Amino acid sequence: MGKSEWQKSSYSAANNECVEVRATNTAVELRESDEGHLILRTTPAALSSLLHGVKAGEFDHHA
């Protein structure tokens, strides 16, 4: 599979201030569109766990 194309939310419209995501053979990569040279690489399972925690409010006390 290699690397897929970077994708960003349709909610960001033409803004360059959003998080982009793409998949590789073994990882999920995230970056901010205005800082494209900085890439966070994680596993699909770890990203899924983070997203579930965010949706469940596990991190709300940090806000």
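Note that the structure is predicted; figures quoted are calculated from it, not measured.
- Remark: of the listed residues Val28, Val21, Leu30, Leu30 is the sole one forming a side-chain contact (heavy atoms from CB on, under 4.5 Å) with Leu40.
- Minimum heavy-atom separation, Ala27 to Pro44: CA-CD, 4.4 Å.
- Looking at Glu29 and Arg41, a side-chain N of the basic residue comes within less than 4.0 Å of a carboxylate O on the acidic one, giving a salt bridge.
- Across Ile39 and Arg22, no two heavy atoms sit closer than the pair CD1-NH2, 4.5 Å.
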